[in-house]
Number of protein chains: 2
Amino acid sequence: MTRAEAADMPDDAARETPDRLRRQASRQLSQLTARSDRLINEGLARVDARKWHYAVLASLQDCGPGSQATLSGRTGIYRSDMVGVLNELAERELVERAPDPDDRRRNVITISPRGRRHLRRLDKVLDGLHDELLAPLDPAERDQLMRLLTRLLDHHTRTS
Amino acid sequence: MTRAEAADMPDDAARETPDRLRRQASRQLSQLTARSDRLINEGLARVDARKWHYAVLASLQDCGPGSQATLSGRTGIYRSDMVGVLNELAERELVERAPDPDDRRRNVITISPRGRRHLRRLDKVLDGLHDELLAPLDPAERDQLMRLLTRLLDHHTRTS
DNA sequence: GAATCAACGTTTGTCTCACTAACGGTTTCG
DNA sequence: CGAAACCGTTAGTGAGACAAACGTTGATTC
């Protein structure tokens, strides 16, 4: 499109995001995830937490104690980054990090009673935040969305 | 869950991502977007491009030339980051950046013939990549997904 | 039983993305 | 004319995803 052709375009068309971009699945995903991440991060920050905290605590509660490598596998956090997350959780006394007597390479991470209380709180906070995130969708649609996302994610983790 | 309770858990349960995490919409979104971004970035890198290049070129092609601020609005790229993107595009001679005679604060960005050719190529590449991204879904499901994502995104951009 | 190899936790560093703050130059408005 | 708003640009922040390498420790193999 030349300058001259563009001249008789309505001002709106010149300022809005073109359809070509709005039709890209990858773009919609990125943008929505950016919003979602911000919403979740801000919500969790209000209770002095971050989303990795929740992932680790939930994994400990549901699957029991484990080494840092195990937790890394369960949560998807890289083992390089797990160090910092566990430092934060240990500072707040939500988990305990103790050397494994059976394998001195490992640490055994255990959730503390305080960690369990915190997890219950985070569960409530996250429920509220997800309700905000998915506000425009009714329950059936939320389910549908989760199904589609999960299928895509599973496909790409198997095919990794 | 105490250490003792966890002891009689099957090894699988101790290693897999717990349901509690897999049910989080925000988490599925993040993870899928990470995969998607990597897929797209790698695919575009093979033709010496990045996704912002596509966004800018497509916006120029579909809505005509504009200032950097206009492009920023159309593409969602921050004006701080737009500078670098336009430098890369100008280096490759895909766009032209000229001072606006009517308003000396502005630059007018125009797509070049070469940019138009490049855009056509990127369109094909991106079509292929999206096909890979959405491989497990049939056309109706892809449509359904886009509809849901768009509704959520629209809601959160209006309510911003 | 010594040598090799793998796993673990840790440190360091890279790259991208979204976003803020501040600057000098320019236009617009009161 | 002066203040406010806008433009492009620079610099920097914080998070997320990831790679490389190191010392320690365990398992395997000759």
Side-chain angles (χ1 to χ4, degrees), chain A residues 15 26-27 29-45 49-56 66-73 75-90 95 97-109 153 156-157 160, chain B residues 15 26-27 29-45 49-56 66-73 75-90 95 97-109 153 156-157 160:
Chain A
R15 299 220 162 252
S26 62
R27 191 172 202 274
L29 270 176
S30 291
Q31 300 224 143
L32 182 57
T33 298
R35 296 270 174 181
S36 163
D37 280 355
R38 203 164 34 151
L39 186 73
I40 301 283
N41 283 336
E42 283 172 2
L44 287 180
R50 295 195 290 116
K51 61 177 176 169
W52 295 132
H53 296 188
Y54 178 78
V56 169
S67 70
Q68 299 188 189
T70 307
L71 290 180
S72 187
T75 59
I77 307 175
Y78 261 64
R79 68 191 209 284
S80 325
D81 305 324
M82 182 61 75
V83 184
V85 176
L86 289 179
N87 286 344
E88 290 175 4
L89 289 174
V95 303
R97 175 157 43 177
D100 185 340
D102 300 343
D103 183 343
R104 296 209 319 258
R105 291 174 302 182
R106 293 182 188 171
N107 292 333
V108 180
I109 315 297
L153 195 51
H156 287 284
T157 44
S160 73
Chain B
R15 298 219 162 256
S26 62
R27 191 172 202 273
L29 270 175
S30 291
Q31 300 225 144
L32 182 57
T33 298
R35 297 271 173 181
S36 163
D37 280 354
R38 203 162 36 148
L39 185 74
I40 301 282
N41 283 337
E42 283 171 3
L44 287 179
R50 296 195 291 117
K51 61 176 174 169
W52 296 131
H53 296 189
Y54 178 77
V56 169
S67 71
Q68 298 188 189
T70 307
L71 290 179
S72 189
T75 59
I77 307 173
Y78 260 65
R79 69 189 209 283
S80 328
D81 304 325
M82 182 62 74
V83 183
V85 175
L86 289 179
N87 285 343
E88 291 174 5
L89 289 173
V95 303
R97 176 157 44 177
D100 185 341
D102 299 343
D103 184 342
R104 295 209 320 258
R105 291 173 301 183
R106 294 181 187 169
N107 291 333
V108 179
I109 314 297
L153 195 51
H156 287 286
T157 43
S160 73

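Computed from heavy atoms alone, side chains included, the values below leave out hydrogens, waters and symmetry copies. Source: prediction; values computed, not measured. The chains referred to below are lettered A, B, ... by the order of the sequence lines, with proteins before strands, and numbering in each begins at 1.
- Nearer to the 5' terminus of DNA chain C, by closest-nucleotide assignment, is the contact made by Val83(A) (compared with the other of Val83(A) and Ala34(A)).
- As rounded to whole Å, 12 Å separates atom P of dC8(C) from atom CG of Leu71(A).
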Got a list of protein N/O to nucleotides 20-26 of chain D N/O distances below 3.5 Å?
unit_1, atom_1, unit_2, atom_2, d
dA21(D), N6, Arg79(A), NH2, 3.3
dG26(D), OP1, Arg104(A), N, 2.6
dG26(D), O4', Arg105(A), NE, 3.4

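- For the pair Arg38(A) and dC19(C), the criterion of a side-chain N or O lying under 4.0 Å from OP1 or OP2 is met.
- Atom-to-atom, CG of Leu39(B) to P of dC18(D) comes out at 13 Å; the value is rounded to the nearest Å.
- Take Arg50(A) and apply the salt bridge (Lys or Arg N to Asp or Glu O under 4.0 Å) test, not counting sequence neighbours, and it matches Glu88(A).
- Remark: C1' of dT26(C) and CZ of Arg106(B) are 11 Å apart, rounded to the nearest angstrom.
- At whole-Å resolution of the value, CD1 in Ile77(A) and C1' in dG9(C) are 15 Å apart.
- Residue Asn107(A) places at least one side-chain N or O closer than 4.0 Å to OP1 or OP2 of dT10(C).
- Summarising the geometry, the separation between CG on Asp81(B) and P on dC7(D) is reported as 17 Å, rounded to the nearest angstrom.
- Note that OG1 of Thr70(B) is 9.5 Å distant from CE of Met82(B), once rounded to the nearest 0.5 Å.
- When rounded to the nearest whole Å, the span between CD1 of Ile40(B) and P of dC15(C) equals 21 Å.
- Each of Asn41(A) and Leu86(B) lies near DNA chain D, and the nucleotide nearest Leu86(B) is the one positioned closer to the 5' end.
- Regarding contacts with the backbone of dT10(C), a side-chain N or O of Arg97(A) is found under 4.0 angstrom from either OP1 or OP2.
- Checking side-chain atoms of Ser36(B) against main-chain N and O of Leu32(B) turns up no donor-acceptor pair under 3.5 Å.
- Applying the salt bridge (Lys or Arg N to Asp or Glu O under 4.0 Å) rule to Asp103(B) yields the partners Arg105(B), Arg106(B); only residues at least two apart in sequence or on another chain are considered.
- Contact check, Tyr78(A) against dG16(D): no side-chain N or O comes under 4.0 Å of OP1 or OP2.
- With rounding to the nearest 0.5 angstrom, the OG atom of Ser67(A) is 8.5 Å from the CG atom of Asn107(A).
- Between the CG atom of Leu44(A) and the C1' atom of dG14(D) there is a distance of 16 Å, given to the nearest Å.
- The CE atom of Met82(A) sits 16 Å away from the C1' atom of dT11(C) (whole-angstrom rounding).
- Panel note: side chain Ser72(B), backbone Gln68(B); no donor-acceptor pair is recorded below 3.5 Å.
- Of the side-chain N and O atoms in Gln68(B), none sit less than 4.0 angstrom from OP1 or OP2 of dC6(D).
- The shortest distance between the side-chain N/O atoms of Trp52(B) and the OP1/OP2 oxygens of dC17(C) is below 4.0 Å.
- For the pair Lys51(A)/Ser30(B), a side-chain contact is recorded, criterion being any heavy-atom separation below 4.5 Å from C-beta on.
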